[in-house]
Amino acid sequence: MHTYEHSVLLDPDKCTGCTTCLRHCPTEAIRIKDGHAVINDARCIDCGECIRMCPHKAKRAVCSSLQNMGRFKWKIALPAPALYGQFDNLEDIDYVLDGLLKIGFDDVYEVAKAAELVSAYTRLYLKTDGVKKPVISSACPVVVRLIGLRFPSLADNIIHMLPPMEVAAGLAKERALKQHPELSDEDIGVCFISPCPAKVSYVKNGFADYKSRVDEVVSISEIYFMLISEMKLDANIKSLSESGMLGIGWARSGGEATAIFNQDYLAADGIDNVIKVLDQIENGNIPPLEFIELNACTGGCVGGVMTIQNPFISKSRLVSLRRFLPVSQNFLSKEESEYIPESYLFDELPEYHPISRLSDSMAESMRMMADIQKIKGNLPGIDCGACGAPSCRAFAEDIVKGTARLSDCVFNNPKRKGEG
Ligand code: SF4
Ligand code: SF4
């Protein structure tokens with residue numbers, strides 16, 4: 001079985017076992033063992049909630065360093081649109097793009113440009129017969145993985161469109177090969193400047209058999225400090241940006257959905273809200289909708305844990321910045337609008353392993369479920385977390401799976417109760 005490579009890691013030396021992260025993990029991936037948090041790789045969706053919540057900074061996001069790009073002859077930066085929201089008084093995106101060239105990139109391909117193309121093809125996708133509605137965006141890798149683990153019945157609703165970062169990587173490499181025929185494929189390196197660890201994991205693992213075309217992922221926080229020392233006000237700055245309001249809008253919640261030009265959409269952000277919406281779709285408890293945009297981070301990508309700025313400030317900066325931009329610089333021609341090119345689509349969704357599945361055998365699963373119910377009935381039901389599990393139900397499941405003992409519960413341990 002393919003093991004998933006994660007980008008959220010724990011520093012055991014800093015962890016005090018305080019249980020804060022345990023209570024906030026949306027997939028119950030964390031347990032406290034021997035006084036430290038332990039992450040279950042099969043359940044973790046790299047949402048970064050534990051990084052946000054840990055009062056001791058014991059969890060961190062792991063990504064590449066810019067130095068890793070040194071192995072390529074031609075280095076291309078793919079800035080996420082959330083990068084533009086990090087700077088005070090930014091009036092022109094070209095200052096950021098020019099700064100990227102000054103810190104050593106040979107070319108820049110805006111993810112916002114690819115986002116405008118993805119939006120255009122999403123409009124076409126929604127008109128295709130047989131597409132299961134509501135269509136759910138595939139742009140947030142946390143949401144795609146969450147659906148696989150907790151809502152597998154909604155997997156067919158996920159749009160089979162590659163996320164803008166991936167489309168940008170392909171188009172950037174194509175452009176480099178065209179403009180520089182002396183280069184080979186291996187000479188060209190593409191580096192995504194990311195707001196969140198989930199995109200790092202996406203690049204490491206790809207989608208099912210699909211291998212990402214991005215070579216390295218660095219954090220917005222790393223690039224930010226290099227950029228501010230290079231960005232200078234210059235009246236003669238070269239025009240570099242090739243995106244408009246629609247593409248930049250993808251950085252915040254609602255931006256992708258408004259770019260489909262259809263009123264029947266819903267956009268939700270923040271992992272708890274995302275789970276509520278997915279619950280409602282699964283229960284058939286939402287009005288008929290065409291499109292659903294879900295972002296695990298509050299505010300959308302501007303709220304990623306690898307950004308610098310408060311997401312609400314970033315959002316308001318992007319609103320001011322967008323006022324000076326054209327609607328889009330990437331509308332499709334009549335010929336381009338006839339069908340969606342293969343390079344924008346993926347065929348298969350990953351093989352899912354729903355966390356609710358206890359065993360591959362139905363009989364075994366039912367027996368385990370009955371045992372969980374029985375054990376749970378004898379637990380206090382107050383979800384105190386003292387056993388190291390996030391809830392009494394999760395603790396009962398751990399006992400049935402053999403990873404915890406009933407005596408780990410303070411209410412069922414005679415010694416801890418002072419009876420022994
Ligand atoms: S929040 Fe989690 S990782 Fe941080 S100290 Fe507490 S138990 Fe450890
Ligand atoms: S990154 Fe998210 S899913 Fe993974 S352990 Fe942390 S809170 Fe849980």
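Just so it is clear, the model here is predicted, and its values are computed rather than measured. Residues take their numbers from the sequence shown, with the count starting at 1. Numbering of ligands and ligand atoms starts at 1, following listing order.
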Which residues pass the side-chain hydrogen bond (donor to acceptor under 3.5 Å, both in side chains) test with D106, sequence neighbours left out? none

Region of I30 engaging ligand 1 - heavy atom pairs below 4.0 Å: neither

Heavy-atom contact under 4.0 Å between L22 and ligand 1? no

Would you mind running through ligand 1 and noting each atom that sits below 4.0 Å from a heavy atom of T16? 5 (S), 8 (Fe)

Would you verify whether the NZ or CZ of R252 falls within 45 degrees of the ring axis of F312 while also being under 6.0 Å from that six-membered ring's centre? no

Quick one: sort the F346 and H160 rings into parallel, tilted or perpendicular, breaks at 30° and 60°. parallel

Quick one: does any side-chain atom of D383 pair with a main-chain N or O of C392 as donor and acceptor, under 3.5 Å? yes

closest protein heavy atom to atom 6 (Fe) of ligand 1 is C18 SG, 2.2 Å

If you measure from the Lys or Arg side-chain nitrogens to the Asp or Glu carboxylate oxygens, is any gap between E216 and R71 under 4.0 Å? yes

Interfacing atoms of ligand 1 (cut-off 4.0 Å, heavy-atom, T19): 6 (Fe), 7 (S)

Ion pair present between R31 and D398, side-chain N to carboxylate O less than 4.0 angstrom? yes

State the atoms of ligand 1, each with its element, that fall below the 4.0 Å cut-off from a heavy-atom position in G17. 7 (S), 8 (Fe)

Taking S361 for the side chain and E364 for the main chain, is one N or O donor matched with an acceptor at less than 3.5 Å? yes

Which side-chain hydrogen bond (donor to acceptor under 3.5 Å, both in side chains) pairs, counting each pair once, include a residue from residues 86-98, with sequence neighbours left out? D88-R317, D98-K102

Are R52 and E49 ion-paired here, with the side-chain N under 4.0 Å from a carboxylate O? yes

Output yes if C54 passes the N/O/S-under-2.8 Å test against atom 4 (Fe) of ligand 1; output no otherwise. yes

How far is atom 8 (Fe) of ligand 1 from the closest protein heavy atom, and which atom is that? C15 SG, 2.3 Å

Electrostatic pair D185:R213 at N-O distance under 4.0 angstrom: no

Measuring from atom 2 (Fe) of ligand 1, which candidate in G388, P55, C21, G35 has the nearest non-hydrogen atom? C21

Please could you name the atoms of ligand 2 that I39 approaches to less than 4.0 Å, counting only its heavy atoms? 5 (S)

Can you name the residues that form a side-chain hydrogen bond (donor to acceptor under 3.5 Å, both in side chains) with Y109, not counting sequence neighbours? none

Applying a heavy-atom cut-off of 4.0 Å, say which part of K59 lies close to ligand 1: side chain, backbone, both or neither. side chain

Salt-bridge contact D279-K276 (side-chain N to carboxylate O under 4.0 Å): no

Go through ligand 1 atom by atom and flag the ones less than 4.0 Å from a non-hydrogen atom of L10. 3 (S)

Enumerate the atoms of ligand 1 whose separation from the nearest heavy atom of I32 is less than 4.0 angstrom. 7 (S)

Okay, side chain of Q329, backbone of S243: is any donor-acceptor separation there less than 3.5 Å? yes

Enumerate the protein N/O/S atoms at a distance below 2.8 Å from atom 2 (Fe) of ligand 2, ignoring waters. C47 SG

Contact atoms of ligand 1, heavy-atom distance to H56 under 4.0 Å: 5 (S)

